[in-house]
K.L.:
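Sharing a structure below in structure tokens format, with a few things to ask.
The sequence lines fix the lettering, A, B, ..., with proteins before strands; numbering per chain opens at 1. FYI, side chains are in, hydrogens and waters are out, and symmetry mates aren't considered; it's all heavy atoms of this structure.
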There are 2 protein chains.
Amino acid sequence: MAKGLSEREKLILSAVIATYINGAEPVGSRTISKLKSVNVSPATIRNVMSDLEEMGYLSQPHVSAGRVPTPQGLRFYVESILEVRELDERAKASIRAGFQGRQELEVREVLKTTGRLLSAASQQAAVVSSPNPEQEVFRRMEFVLLRPGLILVVLVAKSGGVQNRIIEAEAELGQEDLDKFTRYLNELLADLTLNEVRERLEREMAREKVRFDRVLGRALRLGQQALPWGESGDVFVEGRTNLLGAPEFSDMARLKAIFEAFEERSTLLRLLERSLSAPGVQILMGVEAEVAGLAGLTAVTASYGGDDQPAGALGVIGPARMDYSKIIPIVDYTARLVSQILGARD
Amino acid sequence: MAKGLSEREKLILSAVIATYINGAEPVGSRTISKLKSVNVSPATIRNVMSDLEEMGYLSQPHVSAGRVPTPQGLRFYVESILEVRELDERAKASIRAGFQGRQELEVREVLKTTGRLLSAASQQAAVVSSPNPEQEVFRRMEFVLLRPGLILVVLVAKSGGVQNRIIEAEAELGQEDLDKFTRYLNELLADLTLNEVRERLEREMAREKVRFDRVLGRALRLGQQALPWGESGDVFVEGRTNLLGAPEFSDMARLKAIFEAFEERSTLLRLLERSLSAPGVQILMGVEAEVAGLAGLTAVTASYGGDDQPAGALGVIGPARMDYSKIIPIVDYTARLVSQILGARD
DNA sequence: CTCTGGCACTCATTGTTTGCAAGTGCTGAC
DNA sequence: GTCAGCACTTGCAAACAATGAGTGCCAGAG
């Protein structure tokens, strides 16, 4: 990317962006010249700004307004100029504190808490996806008879994640049968990933068919019914109200579109999945290409879980105009923390 | 309540309210006089309106604007004039259809679906509270060892409701011990309500102390830890975006207050709890007294579960200006439907 | 006694004009 | 290359008039 910016140009681009970030208004040359880090006259700044505009990093809403960074300008700023400092200890402590006493919670609760902390720390909306069920390691499966023909299955992963579902079955099965099934399946499937569980069930069913063992066959069939087949994971969204303050969302129609986009779990999920492939913090600017309603917003995301095999992802969504130098380390730190908390369970 | 309204006054009050409901704007005498159900001149209507204003049922935003119903006017209308017709079969069918194939879902899923259907049918925000855990009937309890000292407890109610939590325990407990506990407790607690479970556990603990049986004592202690102590139920909120369309929420600050109020589960819960005591549909107008952020909104709620012993409540929250003749039967029908679906499991 | 047409009056709203402030681009001097 | 100065553009706010919706009241008809 065009490293061809002079130090002065970088300085002024940063200044414009920084000022824009906490003002949400076009910034003019005079404003910049008054900053103490800048020691040139407004006229000079105008010249530089004009150059930057030609390069596509700034733009003017109208002729006699100040400049506003373009998405491209922001991207360049984030990638080439911004230096991400470590999160200061106080902020870290405050995030950690939010998890205090929560280590013993169920995975879903941990992720919800994560969302809350993330949105509180960033003052933006936060999204957290639940771990990919395919990678979970089987811990235990339990059948509970609710009434004849209706069975509650509880599937526990090693991470502490729990999935419940209710399935139908032959009416004559009693709780004792189910207990037998439970013991059999738990033995058979111990310590496999869900993918392996699936395979193992298939294999065993083929085998049982040969041996013609009715009881075990039934158990295996129930086991199969209980698995989450191609079910996509959950997404937790927290802190949407943080977006309501921002002046760029004073337009009702737009706001509505944004909130509706947040209801669409599947698109959010796809958005988060993008950051599973790469390590570290990812920044998606102007999410417009992907998600209709989120046009003009920016997502800062990171994956959690193992670096090699990430389980899920989390992130922050807000106006393109957000304080990246603060938010990037927040997302980064939170992702590490979540990895650590969930990781401690394996 | 002042039944002292003449037929004509009632007619005009209804007309004003009906017009206001789908216009959101002050309505004037001429507008009313043009309705075909009204056969008097604007001047007469003005006189009547003036009387109604004196009685506190209408008010004028400013001298030369039309009239707007006051909360008192709306209340009178709903209580004394409005006749709630049965929901038409098509609307019923459409709600029922939403539950199709969902009967087998876990309680939480049923309630979430309920919220979605309710908000879709009413075009307002919907709230649904989960059944009061105290009244649930114990079905089964299961301990799963996640790692030494950390135990996942799965508590299944007869209704199919599941509660998971993770508790700490002595590190030396193995899964076999836990299985023993499970069998013992499930036997001991079968078919009790959670309240009774609590008592039973206390009693048994006192007894075991005398008998000094370490193992069973431990089991009982674990059982106690697993119970939801004074945990308030969940509230599901759906369809908040429906509120974004309404013109009365174009004010940003107000909107923010409203959305923040929706985040406050406990206040919503308190709101819903009010309708547990009375049967049928309840209407809370201008929820302001109770919940700060929801000022000027109206809640239409009903309880579900048994009539004598309601389990939870659900409702719709929207601007005071909502189509009560449509919404009341929707809430009513949905509540019955949910009662039926969840009831079928006992 | 009730209803209604007519009329004067009140105000929010809308459109227009005008002045102001912010900001730019350009030019010419250092 | 830097910068002061100046002419020019444009959004925005204030001021003002015109518009129109709606009311209250009065006097006359039924």
Side-chain angles (χ1 to χ4, degrees), chain A residues 4-13 15-20 22-70 73 247-248 250-251, chain B residues 4-13 15-20 22-70 73 247-248 250-251:
Chain A
L5 287 198
S6 70
E7 279 313 306
R8 207 232 239 46
E9 285 168 330
K10 284 190 190 171
L11 177 69
I12 289 181
L13 181 55
V16 170
I17 291 179
T19 312
Y20 178 69
N22 55 48
E25 279 168 356
V27 6
S29 54
R30 244 178 74 83
T31 318
I32 298 295
S33 80
K34 270 187 275 184
L35 296 177
K36 52 183 184 302
S37 57
V38 179
N39 257 334
V40 288
S41 79
T44 310
I45 293 172
R46 284 203 283 279
N47 289 330
V48 177
M49 280 172 143
S50 173
D51 293 347
L52 288 170
E53 183 167 7
E54 216 162 304
M55 290 186 249
Y57 293 148
L58 295 179
S59 77
Q60 280 180 295
H62 55 266
V63 177
S64 100
R67 266 31 181 238
V68 161
T70 61
E248 42 262 88
S250 47
D251 176 26
Chain B
L5 287 198
S6 70
E7 278 313 305
R8 209 233 232 57
E9 285 169 329
K10 283 190 191 172
L11 177 68
I12 289 182
L13 180 56
V16 170
I17 290 178
T19 312
Y20 178 69
N22 56 48
E25 278 168 357
V27 5
S29 56
R30 245 179 74 81
T31 318
I32 297 296
S33 80
K34 272 187 276 186
L35 295 177
K36 52 184 183 306
S37 59
V38 179
N39 257 334
V40 288
S41 79
T44 310
I45 293 173
R46 284 204 282 279
N47 288 329
V48 176
M49 280 173 143
S50 173
D51 293 348
L52 287 171
E53 182 167 7
E54 215 163 304
M55 290 185 250
Y57 294 149
L58 295 180
S59 76
Q60 279 179 295
H62 55 266
V63 177
S64 100
R67 284 349 198 259
V68 161
T70 61
E248 42 261 88
S250 47
D251 177 26

K.L.:
For A:Asp251, enumerate each residue passing the side-chain contact (heavy atoms from CB on, under 4.5 Å) test, keeping only those at least two apart in sequence or located in another chain.
P.N.:
A:Ala253, A:Arg254
K.L.:
Take B:Ser50 and B:Arg67, measure what side-chain contact (heavy atoms from CB on, under 4.5 Å) needs, and give me the verdict at the end.
P.N.:
CA-CA 9 Å; B:Ser50 173; B:Arg67 284 349 198 259; 4.0 Å; yes
K.L.:
Looking only at heavy atoms, which two atoms of A:Pro42 and A:Ser33 are closest? And how far apart?
P.N.:
CG-OG, 3.6 Å
K.L.:
Can you tell me how far P of C:dT4 sits from CG of B:Asn47, to the nearest Å?
P.N.:
10 Å
K.L.:
Atom CD of A:Gln60 and atom C1' of C:dA22: how far apart are they, to the nearest Å?
P.N.:
12 Å
K.L.:
According to side-chain contact (heavy atoms from CB on, under 4.5 Å), who are the partners of B:Thr44, at least two apart in sequence or on a separate chain?
P.N.:
B:Arg8, B:Val40, B:Ser41
K.L.:
Check nucleotides 5-7 of chain C for protein N or O atoms closer than 3.5 Å to its own N or O atoms and list the pairs.
P.N.:
from, atom 1, to, atom 2, distance (Å)
C:dG6, O6, B:Arg46, NH2, 3.1

K.L.:
If you take all heavy atoms of B:Gln60 and B:Ala65, which pair is closest and at what distance?
P.N.:
NE2-O, 3.3 Å
K.L.:
How many Å lie between CG on B:Asp51 and C1' on C:dC3, as a whole number?
P.N.:
14 Å
K.L.:
On a heavy-atom basis, which atom in A:Ala24 and which in A:Glu248 lie closest, and how many Å separate them?
P.N.:
CB-OE1, 4.3 Å
K.L.:
Closest heavy-atom contact between A:Val68 and A:Pro61?
P.N.:
CG2-CG, 4.1 Å
K.L.:
Pick out which of A:Thr70, A:Leu58, A:Val16 makes a side chain to side chain contact (heavy atoms under 4.5 Å, CB included) with A:Leu52.
P.N.:
A:Leu58
K.L.:
What distance separates A:Leu5 CG from A:Asp51 CG, expressed to the nearest 0.5 Å?
P.N.:
10.0 Å
K.L.:
Considering only C:dT10, C:dG25, C:dC3, which nucleotide approaches the side chain of B:Thr44 most closely?
P.N.:
C:dC3
K.L.:
Can you measure A:Met49 atom CE to C:dT24 atom C1' for me and round it to whole angstrom units?
P.N.:
10 Å
K.L.:
Measure from CD1 on A:Ile45 to C1' on C:dG23 and round the result to the nearest Å.
P.N.:
13 Å
K.L.:
Taking all atoms of both residues into account, what is the closest heavy-atom pair of A:Pro69 and A:Ile17, and its distance?
P.N.:
CB-CG1, 3.8 Å
K.L.:
Mind listing the residues from residues 26-38 of chain B sitting with a heavy atom below 4.0 Å of DNA chain C? Number order is fine.
P.N.:
none
K.L.:
Extract from the structure each pairing of a protein N or O with an N or O of nucleotides 13-21 of chain C at less than 3.5 Å, listing the distance.
P.N.:
none

K.L.:
In Å, rounded to the nearest 0.5 Å, how long is the span from CD1 of A:Ile12 to OG of A:Ser6?
P.N.:
8.0 Å
K.L.:
Within this structure, what is the CD-to-P distance between B:Glu25 and C:dA12, rounded to whole angstrom?
P.N.:
15 Å
K.L.:
Decide side-chain contact (heavy atoms from CB on, under 4.5 Å) for B:Thr19 and B:Leu35; before the verdict, give the C-alpha distance in whole Å, the side-chain angles of both, and the deciding distance to 0.1 Å.
P.N.:
CA-CA 10 Å; B:Thr19 312; B:Leu35 295 177; 4.2 Å; yes
K.L.:
Using chain A heavy atoms and a threshold of under 4.0 Å, write down where along DNA chain D the contacts begin and end, 5' to 3'.
P.N.:
D:dT2 to D:dG11
K.L.:
In whole angstroms, how far is the C1' atom of C:dT2 from the CZ atom of B:Arg8?
P.N.:
8 Å
